[in-house]
Amino acid sequence: MSENLSQHNGPDHIGIIMDGNGRWAQAQGLSRIKGHRQGVETCRRIIDACQDLNVHYLTLYAFSAENWNRPEREVNALMELLELFLMKETKLLVKQKVRLHAIGRLEELPAKPRRALKKAIEATKNFKEWHLILALNYSSRNEIVDATKAIAEKTAKGNLSPENITWEMIAANLDTSGLPDPDLIVRTSGETRLSNFLLMQSAYAEFYFTSTCWPDFTKAHLEEAIRVYHNRERRFGRTGEQLDVEASLSR
Ligand code: FPP
């Protein structure tokens, strides 16, 4: 590597849509479930890579609310993999001082992975620097519905008047409350959709799409995504000239 990526400013939070497990497996005559199993190995590799590259927040889209529509056998295998992942990972997360969070309608997960999740979250709850967020039974639209209901209840009870509703209030009612917005969203396997992932939170995120399937995704691929991110100019609604002036003032 010609540059030390970990010295750069950000991205501090990367969200990943881990796509292509099925196609990766099918291309080599393996079952889709083997592809997911390999995908779990990639998760571990990328958690390590994030620490090396100074990325403090990593959100992995592990199971969408729409994924229940897959064949029952595949859904069951994914839930088993999730439970195994959590049981195996907890020790490592503790060793690496990574705090685990989960977003999504967790109460609808089967009892076993839900229990493993609760334990892992509890075991890592005091860590402050590194964060792994698993999106499970997650749907941005569901999350917005849930946040809207919570706010509507407050207004119905007379505790909040509608004109006082702010974005900050909405954000505080999303599952990601307390977590920073993602700076960079990566999707593997050549698809270029968001598929209901962090729609509100990625309002100002940069996007990086790669044709590499998730089981083949390595630290080198992540470094490339970060390199591309560093070449983008994030203006947050301002002009390039304004940014240049600010940069020269801060030098
Ligand atoms: C997409 O591949 C991936 C998923 C639906 C889930 C991602 C799950 C994993 C990486 C494994 C489980 C993760 C954890 C943390 C336990 P796909 O099946 O849609 O691939 P395809 O588009 O090629 O069919």
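Counting starts at 1 for both ligands and their atoms, in listed order. All values below were derived from every heavy atom in this structure, side-chain atoms included, with hydrogens, water molecules and symmetry-related copies excluded. Nothing fancy with the numbering, it's 1 onward along the sequence.
- Formation of a donor-acceptor pair under 3.5 Å by the E129 side chain with backbone atoms of H56 is not found in this model.
- Of all atoms in ligand 1, numbered sequentially from 1 with element shown, those under 4.0 Å from a heavy atom of V40 are 11 (C), 12 (C).
- E107 CD: more than 12 foreign heavy atoms inside a 6.0 Å radius.
- Atoms of ligand 1 found under 4.0 Å from any heavy atom of H36, numbered from 1 in the order shown, are 11 (C), 18 (O).
- Using cut-offs of 30° and 60° for the angle between ring planes, the W68 and F63 rings count as perpendicular.
- Distances between N or O atoms of Y61 and those of ligand 1 include no value under 3.5 Å.
- I121 and L93 fall within the same hydrophobic cluster, where Ile, Leu, Val, Met, Phe, Trp and Tyr residues are linked whenever their side-chain heavy atoms come under 4.5 Å apart, directly or through other members.
- For atom 10 (C) of ligand 1, the closest heavy atom belonging to the protein is N21 ND2, 3.4 Å.
- Of all the atoms in ligand 1, the ones that sit under 4.0 Å from a non-hydrogen atom of W214 are 10 (C).
- With a 4.0 Å heavy-atom cut-off, ligand 1 is reached by no atom of W24.
- Contacts of T42 with ligand 1, taken as heavy-atom pairs under 4.0 Å, are absent altogether.
- With a 4.0 Å heavy-atom cut-off, ligand 1 is reached by the side chain of R32 but not by its N, CA, C or O.
- Ranking protein heavy atoms by distance to atom 21 (P) of ligand 1, first place goes to R23 NE, 3.5 Å.
- Partner of N21 under the side-chain contact (heavy atoms from CB on, under 4.5 Å) criterion, chosen from K34, Q26, H36: H36.
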Practice item. Evaluate the side-chain hydrogen bond (donor to acceptor under 3.5 Å, both in side chains) criterion for residues T59 and H13: first the C-alpha distance (whole Å), next the side-chain angles of each, then the deciding distance (0.1 Å), finally the verdict. Key: CA-CA 8 Å; T59 299; H13 184 176; 2.7 Å; yes

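- Under a 4.0 Å criterion applied to the non-hydrogen atoms of L82, ligand 1 contributes the atoms 16 (C).
- Here the protein heavy atom with the shortest distance to atom 1 (C) of ligand 1 is M18 O, 3.2 Å.
- Side-chain contact between V186 and Y229 is absent, with no heavy atoms from C-beta onward closer than 4.5 Å.
- A ring-centre distance under 6.0 Å is not found for Y57 and W130.
- Checking A62, G22, P215, G35 against atom 8 (C) of ligand 1, the nearest heavy atom belongs to A62.
- More than 12 heavy atoms of other residues, nucleotides or ligands lie within 6.0 Å of CZ in R232, so this atom counts as buried by the packing criterion.
- Residue D19 has at least one N or O atom closer than 3.5 Å to an N or O atom of ligand 1.
- The atoms of ligand 1 that sit less than 4.0 Å from any heavy atom of N67 are 5 (C).
- Using a 4.0 Å cut-off between heavy atoms, R70 contacts ligand 1 through its side chain alone, with no backbone atom that close.
- For the pair T218/E223, no side-chain contact is recorded, criterion being any heavy-atom separation below 4.5 Å from C-beta on.
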